[in-house]
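As C-alpha cells, the structure follows; a few thoughts come after it.
Keep in mind it's a predicted model, so treat the numbers as computed, not measured.
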Amino acid sequence: MGTDDPLGTSRSATAGTEKLHRRRELVDHLTGYLAVNATLWVSWLVVALAGGTWSPWPLVPTTGWGVGLVFHAWWVSSPAAPGAAAVTATAPAAPGPSPGAGPPGAGGRQPGLRGAPGRRPPTAAGPG
C-alpha cells in the first residue's frame, strides 16, 4: 500500500476491473465458439443430407476448441489466477540503480556523438 492510497482501494479496484475484463473475454470466446460451431454443424448437416456422407468432421474443431474454452473458463474462475496487473503490483522491486542513473552523458547519448542512441560515429577510413 502506497502513500497515495492508504486504504488500498486502487489495488482492489484494479483486481475487480481485471476480473470483469477476464469474464468479458470469456463471454466473447464462448459467443465465437457457439457461432462458429453452429455454422460448421449446420453446413455439415446440409452437405450430409444432400450427399449422404455422414462422417461428423465438425467434431474435431468442436472438441479442440472446446478444450481451449474449458481452460479459459478455468483460468477465469480460478481465484489464484493473477493478471498482469496483479503480478506487477505484488512483485518486489529489483535491486540496482535507479532508472535515471547511468554513466556520464546518460540519456541515450554521449556528448559529442552523432546518430541514434548507442551508435558509434562513423570513422574516417584513411589510406592505410
Side-chain angles (χ1 to χ4, degrees):
M1 291 186 211
T3 57
D4 296 333
D5 189 17
L7 299 177
T9 55
S10 67
R11 182 178 290 166
S12 173
T14 303
T17 304
E18 179 71 24
K19 190 165 188 152
L20 180 63
H21 179 69
R22 286 190 284 159
R23 284 183 183 167
R24 286 183 180 166
E25 285 180 338
L26 178 63
V27 169
D28 289 345
H29 191 176
L30 179 62
T31 303
Y33 174 81
L34 293 174
V36 169
N37 282 294
T39 303
L40 291 177
W41 282 101
V42 167
S43 64
W44 168 79
L45 185 61
V46 168
V47 170
L49 289 175
T53 58
W54 289 96
S55 176
W57 59 265
L59 191 60
V60 174
T62 300
T63 304
W65 194 349
V67 168
L69 188 62
V70 166
F71 277 111
H72 191 170
W74 178 50
W75 178 71
V76 168
S77 65
S78 173
V87 170
T88 56
T90 59
S98 65
R109 293 191 161 203
Q110 294 181 2
L113 296 180
R114 295 186 214 172
R119 291 188 61 191
R120 295 183 184 191
T123 58

Report the C-alpha distance between His29 and Glu25 in whole Å, list the side-chain angles of each, state the deciding distance to 0.1 Å, and finish with yes or no for side-chain hydrogen bond (donor to acceptor under 3.5 Å, both in side chains). CA-CA 6 Å; His29 191 176; Glu25 285 180 338; over 6 Å; no
Go through the steps for Val76 and His72 under the test side-chain contact (heavy atoms from CB on, under 4.5 Å), then give the verdict. CA-CA 6 Å; Val76 168; His72 191 170; 3.7 Å; yes
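Put simply, the side chain of Ser77 gets close to the backbone of Trp74: a donor and an acceptor are under 3.5 Å apart. Listed for the Trp44 side chain is no donor-acceptor partner under 3.5 Å among the backbone atoms of Trp54.
Leu49 and Leu59 fall within the same hydrophobic cluster, defined by Ile, Leu, Val, Met, Phe, Trp and Tyr side-chain heavy atoms under 4.5 Å apart, directly or through other members. Under a hydrophobic-cluster definition in which Ile, Leu, Val, Met, Phe, Trp and Tyr are linked whenever side-chain heavy atoms come within less than 4.5 Å, directly or via other members, Leu69 and Leu34 are assigned to the same cluster. Note on Leu45 and Val47: separate hydrophobic clusters, where clusters join Ile, Leu, Val, Met, Phe, Trp and Tyr whose side-chain heavy atoms are under 4.5 Å apart, directly or indirectly.
For the atom pair Leu26 CG and Thr31 OG1, the distance stands at 9.0 Å (nearest 0.5 Å). Interatomic distance, CZ of Arg22 versus CG of Leu20, reported as 10.5 Å (0.5 Å rounding).
Between Pro61 and Asn37, the closest heavy-atom pair is C-OD1, 4.2 Å. Between Gly32 and Trp65, the shortest heavy-atom contact is O-CH2, 3.6 Å.
With contacts defined as side-chain heavy-atom distances shorter than 4.5 Å, the pair Thr62/Trp57 does not qualify.
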